[in-house]
There are 2 protein chains.
Amino acid sequence: MKNSITEIARRADVSIATVSRALNNDSRVKESTRNRIQRIAREINYRPNLLARGFALKRSNIIGLIMPELVDEYFTEVIKGVEAEAIANGYYTMVASTHNREGSIVDTLDRFSHNRMVDGLILLTTFQTAATKRALGETGIPLVVIGDDPLLTHADVVKIDNFQGAYSLISYLVSQKGYRKIAHITGPPGNLDANRRKEGYLAALAKLGLEINPAWMVEGQFTIESGKSAFQRLMSLNEKPDLIFAANDRMAIGCYEGAGALGLRIPTDIGIAGFDDIFVSRFLTPRLTTVGVPITEVGKTAASLLLSRLAGTEPLRTREVIISTGIVPGDSV
Amino acid sequence: MKNSITEIARRADVSIATVSRALNNDSRVKESTRNRIQRIAREINYRPNLLARGFALKRSNIIGLIMPELVDEYFTEVIKGVEAEAIANGYYTMVASTHNREGSIVDTLDRFSHNRMVDGLILLTTFQTAATKRALGETGIPLVVIGDDPLLTHADVVKIDNFQGAYSLISYLVSQKGYRKIAHITGPPGNLDANRRKEGYLAALAKLGLEINPAWMVEGQFTIESGKSAFQRLMSLNEKPDLIFAANDRMAIGCYEGAGALGLRIPTDIGIAGFDDIFVSRFLTPRLTTVGVPITEVGKTAASLLLSRLAGTEPLRTREVIISTGIVPGDSV
DNA sequence: CTGTTAGCGCGTTCAC
DNA sequence: GTGAACGCGCTAACAG
C-alpha cells in the first residue's frame, strides 16, 4: 500500500491538492472535507515524505551543528541546548563533528551550505583561520557562530564572556583571598577562548597594580598533561607564584596531579583556579575554584537566533549575544 | 546563476543524463567528457542537491540516532562513535534526544521511521516497555538497538556485557580483596543495564557461596543523591556490609559523599565499587574501583551494523554483538 | 557513448 | 471549495 497524499486523495475521493490543503490546515477547505481527510490520514498512519516536501519547498527543516571533535560535557550540553530548541520549533538537528582538523571544518561548512541539506548552520569553533573565515563568508545560508570571535558581519554570534570571567576571578582572588603572585597557564595559542581569558587575566592584574611576570605565563594545551608540565615548570622557578590560574579546568586538574607528585598541598602551599566548571571539578579534592559557564544556554541561544532568522521575521543586521559567566567558589584557593 | 546539473549540461553542451553519469563516475561516459564535466562542476562549485537526490532515490543517506536525555559522557561517546563511522561511509547522523519520556521515544521512533527522513535507526534505550517494543516492530526500516534487551527478532542488537562485568568485579573483590559482606545499590527498577548488573552480582555471590542478604540490596536511581541515601541506609543497618557495589559510578560518588558526611574512610572503613568508569571516577579520592565500558566502540559497532545492512549485503537474520567490559582497579577497595 | 523522457511526492498556481 | 497541471533536481530506463 502506498502512503502518500495520492493514496489519501483516492480514498477520500478528492484531488491531491485538497488533501495537501487539508493536511496543512488551509482554511479554504470545507470543514467536513478536512475532517474526513485527516481521519483517513490517521487511519493509514500517513506521514508526509519529508524528502519530497523539502525538495518541493527548497527547505529541509534541518539545522546543522558543526563542532570540533567532541570532548567534555561541553559539547553534549551544546547539542542538548540546540536540539531542544530545534525540536520545539519543528526542526531537526544534524550534528557534524569535524575532528578538529582545519581542512575538515571548511569542507563540512562548504558541503553543508551548498548541498541544501540544512537550512541554517551553527558553527562552534575554538580557533579561526583565514580559510575558515572565507568559507564562513560564502555559506549563503543563515549562520550562527559560537565562539569568542571578532564580530562577523554576516553571522550572528554567541560568545561566552571569557574576558569578564577571568577578570572577575582574578579580582576575587586578589581582593577576597589576598593572592598577589598570580601565574597563568594559557590555552593553545590560536584558541579564541584561551586568548580572551588571558586578556582578562592581564587586564585584572594591570588594574590591580600587580606584577606581570612573564615567567609566570606558561603555555598549555587545554589538556591535563599539559597542565601538569606547566605546573612543574612554574614550581621550578626561583620566584614561585602563590596561585596558578589555569585557562581551563582540565589543566587545573593537571596542576592537582603535579602538586600531588611534589607533595604540595592545595591551597596551603599553592592556590589553584580554573575555568569552565566541568562536572569533575566538583569532585576534586579540594573542590576546584573556577568559572562557571551556562553551556546549555549557549546552545539554546544559538539555535534560537538561527531559528528566528529562518523564520524570516528578523532584521538583516547581525546580532551578538554574550553569555555571562560566574565565579564558582571552591576550596582550592 | 543556477547551480544544478541542468546548468552544467548547458555549459558542457551535453544532456543532464550525461552530467549525472559523469558526476557519479559512471564508466560509460567517455573520459574526456567526464573530465570536462567535472571541471565545470568544480568551477561553479556545484554540489548535488541532496534533497532532490534523496527524493529521487528514496534514500536520504541519513541515519537517525535516538537517545534518552543526554547525560554523562556516555552519550557523547556514543554520538562520536556513530558519527565517525557514518561519515566514513558517506552518511550523515541525525540526533534526536527524547528526554527520557516513554511517549516521546515512541513518537520519535514513529516519526523517523515513517517520514522517510532517515534510512535507518539506532536506538539507545535503558528501559523497554510494551509500547516501545510495538513501535520497534513497526519501523519498516533497518534498526539497531543499543541496550541490554532480550534479543529482538527484527533488529540488530549491541549490548554491553553488564552481567559479566558485575560478575567479574564481585569475583575479583572477593578473591583478591577478601570482601565477604557485599551490598549492592541497584539502578532504577526498569533499567535494563541495572537489572543485568544486579543479576551478575547475585550470580557471583551464589557461585562464591556468599550470603545474599536482602537488606543489603537497596534501590537507587543512578543519581549521586540516590547513591548517598542508599549509602546512609546501608550504614544504619545493624549488620553492615564491608563493601558496597553501586550499579553505576554516579551512585558510587554518592557513597563517597555519604562516607564523608559520616566520617568514614574509604576503603579502610568501607569499600566502594562502581560501574561505568566515567571520566570523573579517575579523580575521586581515592580513585574508584569500577568496571570500564568502551563506549565509543558501542557507537561504532551500532553504526557499522546498520550501515552494512543498509548496504544490502547482509543476511536477513539479526545479529547481536556483545561489547565486553573490564575491571578498572582503583584504591577504593 | 549519449540523449530523451518518465517519475519520485509534494506544494502551488490558475482555473472553474 | 475544489481540481488539473506544473515544476522542483535528480536518477534510471529505454532508445539510439
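Just so it is clear, the values below take in all heavy atoms, side chains as well, and ignore hydrogens, waters and symmetry mates. Within every chain, numbering begins at 1; the chains are lettered A, B, ... in the order of the sequence lines, protein sequences first and strands thereafter.
Residue Ser20(A) is in base contact, counting any heavy-atom pair closer than 4.0 Å across all strands shown.
The CZ atom of Arg53(B) sits 5.5 Å away from atom CG of Asn24(B), with the distance rounded to the nearest 0.5 Å. Between atom CD1 of residue Ile79(B) and atom CD1 of residue Ile295(B) there is a gap of 12.0 Å, rounded to the nearest 0.5 Å. Atom CD1 of Ile66(A) sits about 11.5 Å away from atom CD1 of Ile146(A), to the nearest 0.5 Å.
For the OP1/OP2 pair of dT2(D) and a distance below 4.0 Å, the side-chain nitrogens and oxygens of Thr33(A) include at least one atom meeting the criterion. Residue Ser4(B) places none of its side-chain N or O atoms closer than 4.0 Å to OP1 or OP2 of dC8(D). Contact annotation: Tyr46(A) side-chain N/O to dC10(C) OP1/OP2 distance is under 4.0 Å.
Side chain of Arg53(A), nearest nucleotide from dG11(C), dT11(D), dT2(C): dG11(C). Closest to the side chain of Ile5(B), from the set dG9(C), dT2(D), dT11(D), is dT11(D). The listed nucleotides are dT2(D), dC10(D), dT2(C); the one nearest the side chain of Arg28(A) is dT2(D).
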Any N/O pairs under 3.5 Å between the protein and nucleotides 4-8 of chain C? List them or say none.
from: dC8(C); atom 1: O3'; to: Lys58(B); atom 2: NZ; distance (Å): 2.8

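Between Glu83(A) and Lys80(A), none of the side-chain N atoms (NZ, or NE/NH1/NH2) sits under 4.0 Å from a carboxylate O, so this pair counts as no salt bridge. Salt bridge Asp119(B)/Arg59(B): absent, no basic N to carboxylate O contact under 4.0 Å.
The shortest side-chain heavy-atom distance between Ile63(A) and Leu310(A) falls under the 4.5 Å cut-off.
Straight-line distance from the CG atom of Leu23(B) to the C1' atom of dA12(D): 15 Å, rounded to whole Å. One can place CG of Asn25(B) at 15 Å from P of dC1(C), the figure rounded to the nearest angstrom. In this structure, CG of Asn3(A) is placed 14 Å from C1' of dC10(C), rounded to the nearest angstrom. The nearest whole Å value for the distance from the CG atom in Leu51(A) to the P atom in dG11(C) is 13 Å. In this structure, the CD1 atom of Ile37(A) is 15 Å from the C1' atom of dG11(C), given to the nearest Å. The CG atom of Asp26(A) sits 11 Å away from the C1' atom of dT12(C) (whole-angstrom rounding). Between Lys30(B) atom NZ and dT2(C) atom C1' the separation is 10 Å, expressed in whole Å. Regarding Asn24(A), its CG atom lies at a distance of 7 Å from the P atom of dT12(C), rounded to whole Å.
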Stepwise, does the salt bridge (Lys or Arg N to Asp or Glu O under 4.0 Å) test hold for Glu7(A) with Arg10(A)? CA-CA 5 Å; Glu7(A) 172 69 11; Arg10(A) 198 181 59 71; 3.0 Å; yes
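The neighbour count for Arg34(B) CZ, taken as heavy atoms of other residues, nucleotides or ligands under 6.0 Å away, is above 12. Within 6.0 Å of the CD atom in Glu31(B), the count of heavy atoms belonging to other residues, nucleotides or ligands does not exceed 12.
A distance-only check finds no donor-acceptor pair linking the side chain of Arg116(A) to the backbone of Leu51(B) [under 3.5 Å].
Overall, the helix from dC1(C)-dG16(D) to dC16(C)-dG1(D) carries an axis bend of 40° between its ends, with five pairs at each end and the value rounded to 10°.
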